[in-house]
Protein chains: 6
Amino acid sequence: LRLKSPERERLFQSPSLEATFGGGEANVAVSLSLLGKKTSFVTALPSNPLGEQAIRNLQSYGVDTSHIIRAGQRIGIYFLETGANQRPSLVVYDREHTAISQVSPGDIPWDQIFFQAGWFHLTGITPALSQNAADTALEAVKKASAAGVTVSIDLNYRKKLWNYGKQPVEVMNELVKHAKVIIANEEDIQKTLNITEETGQVTDGHLDIQGYKHLLTKVKKTYPNLEAIAITLRESISADHNGWSAIAQTSQGFFQSKKFQLTHIVDRVGGGDSFSAGFIFGMIEFPEDHQKALDFATAASALKHSISGDFNLVTRKEVEALLAGDGSGRVQR
Amino acid sequence: LRLKSPERERLFQSPSLEATFGGGEANVAVSLSLLGKKTSFVTALPSNPLGEQAIRNLQSYGVDTSHIIRAGQRIGIYFLETGANQRPSLVVYDREHTAISQVSPGDIPWDQIFFQAGWFHLTGITPALSQNAADTALEAVKKASAAGVTVSIDLNYRKKLWNYGKQPVEVMNELVKHAKVIIANEEDIQKTLNITEETGQVTDGHLDIQGYKHLLTKVKKTYPNLEAIAITLRESISADHNGWSAIAQTSQGFFQSKKFQLTHIVDRVGGGDSFSAGFIFGMIEFPEDHQKALDFATAASALKHSISGDFNLVTRKEVEALLAGDGSGRVQR
Amino acid sequence: LRLKSPERERLFQSPSLEATFGGGEANVAVSLSLLGKKTSFVTALPSNPLGEQAIRNLQSYGVDTSHIIRAGQRIGIYFLETGANQRPSLVVYDREHTAISQVSPGDIPWDQIFFQAGWFHLTGITPALSQNAADTALEAVKKASAAGVTVSIDLNYRKKLWNYGKQPVEVMNELVKHAKVIIANEEDIQKTLNITEETGQVTDGHLDIQGYKHLLTKVKKTYPNLEAIAITLRESISADHNGWSAIAQTSQGFFQSKKFQLTHIVDRVGGGDSFSAGFIFGMIEFPEDHQKALDFATAASALKHSISGDFNLVTRKEVEALLAGDGSGRVQR
Amino acid sequence: LRLKSPERERLFQSPSLEATFGGGEANVAVSLSLLGKKTSFVTALPSNPLGEQAIRNLQSYGVDTSHIIRAGQRIGIYFLETGANQRPSLVVYDREHTAISQVSPGDIPWDQIFFQAGWFHLTGITPALSQNAADTALEAVKKASAAGVTVSIDLNYRKKLWNYGKQPVEVMNELVKHAKVIIANEEDIQKTLNITEETGQVTDGHLDIQGYKHLLTKVKKTYPNLEAIAITLRESISADHNGWSAIAQTSQGFFQSKKFQLTHIVDRVGGGDSFSAGFIFGMIEFPEDHQKALDFATAASALKHSISGDFNLVTRKEVEALLAGDGSGRVQR
Amino acid sequence: LRLKSPERERLFQSPSLEATFGGGEANVAVSLSLLGKKTSFVTALPSNPLGEQAIRNLQSYGVDTSHIIRAGQRIGIYFLETGANQRPSLVVYDREHTAISQVSPGDIPWDQIFFQAGWFHLTGITPALSQNAADTALEAVKKASAAGVTVSIDLNYRKKLWNYGKQPVEVMNELVKHAKVIIANEEDIQKTLNITEETGQVTDGHLDIQGYKHLLTKVKKTYPNLEAIAITLRESISADHNGWSAIAQTSQGFFQSKKFQLTHIVDRVGGGDSFSAGFIFGMIEFPEDHQKALDFATAASALKHSISGDFNLVTRKEVEALLAGDGSGRVQR
Amino acid sequence: LRLKSPERERLFQSPSLEATFGGGEANVAVSLSLLGKKTSFVTALPSNPLGEQAIRNLQSYGVDTSHIIRAGQRIGIYFLETGANQRPSLVVYDREHTAISQVSPGDIPWDQIFFQAGWFHLTGITPALSQNAADTALEAVKKASAAGVTVSIDLNYRKKLWNYGKQPVEVMNELVKHAKVIIANEEDIQKTLNITEETGQVTDGHLDIQGYKHLLTKVKKTYPNLEAIAITLRESISADHNGWSAIAQTSQGFFQSKKFQLTHIVDRVGGGDSFSAGFIFGMIEFPEDHQKALDFATAASALKHSISGDFNLVTRKEVEALLAGDGSGRVQR
């Protein structure tokens, strides 16, 4: 449950919160469904009107919710205020003791879930919540891997979440060993895999591509199981204006996307997830053309920044229109 | 933090929640402050924008917040949808693991707080949250009592809250022994003090005053320390229409208030708290006239039902206008 | 300019005000225009965006605004919160030093305005604002009367407004001498004409028709120039529930309307003005049938109570449907 | 697409419309799905964002949308303002030339749809739209009937819709011959089946049960194929206050439900559809107890009147709580 | 009727639509009225609350609506979502079978309308709707021309509208023969007049002025009746950022306006219409100075992009302040 | 009371106004309180719900309101619409005859107020309101000065306010003689102190620092009592995009701040006041480091431009984060 103050207001400046649903893996599932893929979201939700409504919300976008187990007392909540200019967006997490953090290995029938699945996606947010959640995540990637299901992980480091005693590296290292695809930004790689490389300040708008290539090589060396590593490059000029591009090292080589100037960001939360969805979509749809996969992911997630809410409410056709070059924002009529 | 769906909508029917602050003791503190009494609210709140804003909100009504300790991770939340006709209002609590539930005896400097205080009010919601909270509540009433501070308790039974293993009676019985005043409805008395008496169905609009007198006598016998017992009588005709009155047994005798027909209820949450505030106010202001104290409390809380939010945003002057007979709702201009 | 807190909220409970336009004579003009009469509104408004917008608003309902003079610095403002149950609606006036209160005799070209007019309507609110306004009102009724234009006055006593030193009676008595029609409630007659009669409590729902007949006779005797006196009878059961009916003494005799139970009032402000408009409309349209004129006025103003804002946004057809007996509120589809 | 003015406002009084989805059969499908039945909604919708969103909306409530065909240019729209007191709610239809009105026999694969279905429900709104729609409706009921699928028809007469030249009776008579269950009010029966009986004014609150029994007998005689005829009885005291009950004549005899006083109606549009859903649910769940089926339908639809929007957002558990006697609207906490 | 999703949301992301009125010729009429010209809007609207409200809306801005005929069943609707960054704004038209599309030659009393008129403006949207509308448009321009009324046409090509079988060129060619002034962008000229010239990509921010001069010469050669051809030049950097300028070829020569950087567009729909209004205003007010006319039009329409809704709610004084050089947006206080 | 049209709308485009509180000195008091200083706001407010609510609002931010006197009839109001691009924000003042403008010397117990105070801040808005207000302002600065309280004055020239007959220079010259600190922009200095210097156009983005140094020297020479003169430099590129920096001449020398690009301004009203608060805070907290004081003030006020409403709702920690270099607006999570 995402509770956001209206427009650019600070939290509780008005007595009103926009109440939508979202969160790492859910965002990816919804985006993939809207892009045209059959997706199923697996989680635990409490048996109350909040859990009920989260399910209705996912269903509306065509995501299968039949594997969601009903357990626990709480749904994870985060409060959000959107920044402007030099003022950053602010997230207040209220995610402790949630249903998903209390799920233990054995609670979810992974074998049945993976029976007809082709791809399993996980983010670094889930194992950050609790030991239970981390154990269940490991169980899942192992079973997926064993079932021949491609595993992708968005490393997604969240400093405010890792509170149960483990260092991110202890947990994420093990998970990544079972993945074929990882998605991350530079900080994620450093904080969750402990791999660093001098690449310059992202904030100042200059990217050291050579440095990033070295970084990718190091990651690949450490995790030879990986077939694709994608890195999103966000240049934060201000809360409203980011540069947005991505690079990838895959079995087909090194790729670099076009850079989008996102000069009037509507909502950047979920931007990384929309990239994950776009990249998974691209890897499946264009297996012979990883440049296209990367470009698709970058364009899809560029569009996400124009949409309020966690979910990337765009279709394949809209992403392809942008890829075809129409980023001028002319009215369609 | 109270999160309510707009108007009469079901939760999440629109992607918007009204976000205000409220809760048992806070409601009493705010109401007493608006009625003209110096009040201080004692609780624990997390050091984050939610805790900050709760404090600002209380300050705006003139409540002293200097005794609030900053601790814990969570602020208690409840989700609310307002019913209509036969459909009841619905409350979803998300109050586990909150700051206040984790407070332990010794955390709050009661001696200092009670040094210049005259009255201490507690509701049955706090000891329902956790063993810690119950222990701290007991510590508080003992210290208040010892310091010569009048203790009042609103028994306030909430079935959905008592989850930590204790029966309400085990806890409340001990607390009430240190009180001079209790406020309750019939169900509260049965569920938290285990005292019953046949009084007829409140729902069908007929009150058995004799039965209630017997009930009050029983309570007084069990807790001879009590100097006043006030009982609110809500006749629920529908979610929109209630009858509202009260009775009291005090050192001055038995009293019965006028009955108000609340035919177009705006918000009944906090109705009991507004009665508590009115009754405390009345007992202090009209110590020689408990009928007046009861009438003031009943009129104040009748007005509460016309106001959205947990807080009873009315002044002493407005309550007295109603007491003086003007309940016709004519425009003031 | 009318600034109202949302729904049933107290003023500033939320940081938002509904901003519409309204006010005694304007309400009558808009209602008459929607009922199908050509109307023109004469006032003074400042040359700023607030004055501009007031004019646009009147124009949208077809009211001629070409006689509005642009002068002064302020537009009159009133703040409104809508009551519920026993809590009355509250009006805070901010009408001092407004453009209309500074208009002096000679400022408005009455001769030109009355040249083709048939009816001139004035309310007791205007002469309550300032000596200037009272003088101009007197100038207007004299010139109208001289020009053969029927003058009607809604006595409309507003205690909070008469602040410039004159007693209402001193001013209104003179004005009424030039009128053919007056509209009022009992309190208006007492406070502005100093004529009283024992008629019982309106608040308790019992009307003493005989008493009202005597009252009307007294008024007629004092002001033999009057051809019709209409009195609205509001029984205030609560802020949400009023009984609504009217009586009239005209050249054709004494008439009493049907009584409407307004059980779920949306907005009662402007109710009297909608009656005035309906009565003027009726006197013009049904000159031979004053019962019908009174019934039309009562039905029109009953409907007003179901509409938010000062203006009575109903058509002649809708009033006639209610007169024809359909007050059951069944969906029209 | 349902476009409603906010709260009790007249259309366009504010520049805002509440935009939700609804309509006869859709309402029934959503309600049945929320009550726990697997439902599928069959219609035609245009391939544009409006059609897309209608589908998402249905999906969110678990309704299967895989049988919806994408065709035509328009989605049906209706504009709604909610009445108050004596002012009726107003519906402005903009449903001509919609996708569904252009569907022809053969366009929808009924055989496939009915293959695993148990019940088919139709309302009188669809055949009112166009000859094409009427022909398709007839095709559907014939095929359903042939496939052993129970057919129910809500006669649902809408005067403003029958514009394509046919009299309702010409069309509905044929459809009803293929039904096992019909749902209607008295006016529907008269206008669509041409069967009348003196039953007294519904508006004045007095029902002539004997008259209704005669009416039901006549209908049964005319359509011996009918196994159940249910009639909703709405007593319109005002736009806000209705009495609500129902009677039925089925293979098990004549039944009469409890009457609910709906004193503070939130939204009565969709009330009949919620009754249909409740009755279908009851006939399936309690085949041996038609009294219970009727009571369930009446209670479910009583609750609908407390919910904004066309859809009856209540669960089986909530309906059963009301049936069990708790109509007092006490807060659930 | 224009129905827009809130802020930058996708359609139906929230269950709410902003409901305002607008459309090609109406936008021009409103803007001209606010600039100080007497204007009358001629169209057909249905006799229902939607048509009624459209009229009220126009009246509020001082536009004469007495020539609007009441006919047909539908008012044209368009749904709008406002884009951001690379995501374009999206228009969904629902304009088939509207009142205006069903108007036929002879339905509108042009002779009477043109009797005292000086200027007649038409856009390419009307003849795009239906053969009837196109015929009526031709009738209008012929009669206007014959009556000595200056005819201006905004070519306004809308790909999604031309659905009734005719090519735009077939229709527009004939209309333009009767005009003295046309307003267009390059695409309009190509699509509706079939005249092209290599002028470079507008999207990339570089304008080939020489190419545009050739284009204008071609148009003038084809339609020697034209006394002024104005072309708006929109450089779409993104949905939020456009460059905006214009050129014109008139009897006084070739003119080029200043270019405005519209870096934070609020609403660009109606931008072209506001230019038309400004240009008509300029041609009438500054007949000797076409540079000034063009500059006025460009400045007026630059301001339009800062205003939500179709209408350009600015005054002559505000446009002249911008022309005088104050485009710095400093607060006026 | 500040009444603002929603988002970027023109006044009354929608029938809604955002209603918050603000105004020169209040803004400074609230900001200083949020930065951590004990502050008290001294003014006069009427005894009505508007005055009451203004007080509650200040209290919520921890500002002491015990010195506010209750007098007069009106609270000052200003209406605001926020500009965009080339369209400037617009302020309509309705501040005549307000409580504060009617306060006279002797009405406020300055001696008592200054008894334990360390700093007194005044803006040029108060003495602009009336002779009474100017006299009281002079009384205050004299008494403050005599009591050893540091006096700061924000010159704050408002052309639309100086209507009571005095020239700003006549009044402000005397006030500044008692100040230690003044804050201003170039126009303020010219209009209120009559001191000018050629410094180039602020609007075109080029600052003539040498010119500004001369200007500061002149001011210092004229008012040798001043220990610090701070000047804010706003480069207005558009209503949405300003450059923002400041310079100061103090006892420690000449200082120049970093320049912030405010590219997506949310609300610039109150920007100067937030600078004053930041500068006062800096002068108190960093008495040895005026560069730091100036930088703090500039950063604090840069953040203000990202916040809606008059008040600068940021904490010391947030200002320091920006000073520490993080102006990238990256999400904090």
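Model, not experiment: these values are computed from the prediction. Convention: sequence-line order gives letters A, B, ...; per-chain numbering from 1.
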D:D273 (side chain) donor-acceptor with D:V28 (main chain) under 3.5 angstrom: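 Checked: no pair found.
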Between D:N242 and D:W244, is there a donor-acceptor pair closer than 3.5 Å when you use the side chain of the first and the backbone of the second?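 Absent.
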Using non-hydrogen atoms and a 4.5 Å limit, figure out which bit of B:T263 sits close to chain D: side chain, backbone, both or neither.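 Looking at B:T263, just its backbone touches chain D.
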Who wins among D:D267, D:L313, D:L303 for the most heavy-atom pairs under 4.5 Å with chain B?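 So the answer, after comparing D:D267, D:L313, D:L303, is D:L313.
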Give the member of D:E7, D:E18, D:H264 that has the highest number of heavy-atom pairs under 4.5 Å with chain B.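 Ranked by heavy-atom pairs under 4.5 Å with chain B, first place is D:H264.
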Is D:L262 close to chain B through its backbone or its side chain, or both, or neither, when contacts mean heavy atoms under 4.5 Å?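 D:L262 touches chain B through backbone and side-chain heavy atoms alike.
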Against chain D, work out which of B:D240, B:L80, B:T82, B:L161 has the most heavy-atom pairs shorter than 4.5 Å and name it.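 Counting heavy-atom pairs under 4.5 Å, the top option is B:D240.
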D:K38 NZ: over 12 foreign heavy atoms closer than 6.0 Å: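 No, the 6.0 Å shell around NZ holds no more than 12 heavy atoms from other groups.
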Any Lys/Arg nitrogen of D:E318 or B:R10 sitting under 4.0 Å from an Asp/Glu carboxylate oxygen of the other?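 Yes, D:E318 and B:R10 are salt-bridged.
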State whether D:R87 and D:E81 are salt-bridged, where the test is any N-O pair (Lys NZ or Arg NE/NH1/NH2 against Asp/Glu carboxylate O) under 4.0 Å.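 Here D:R87 pairs with D:E81 in a salt bridge, since their nearest N and O are under 4.0 Å apart.
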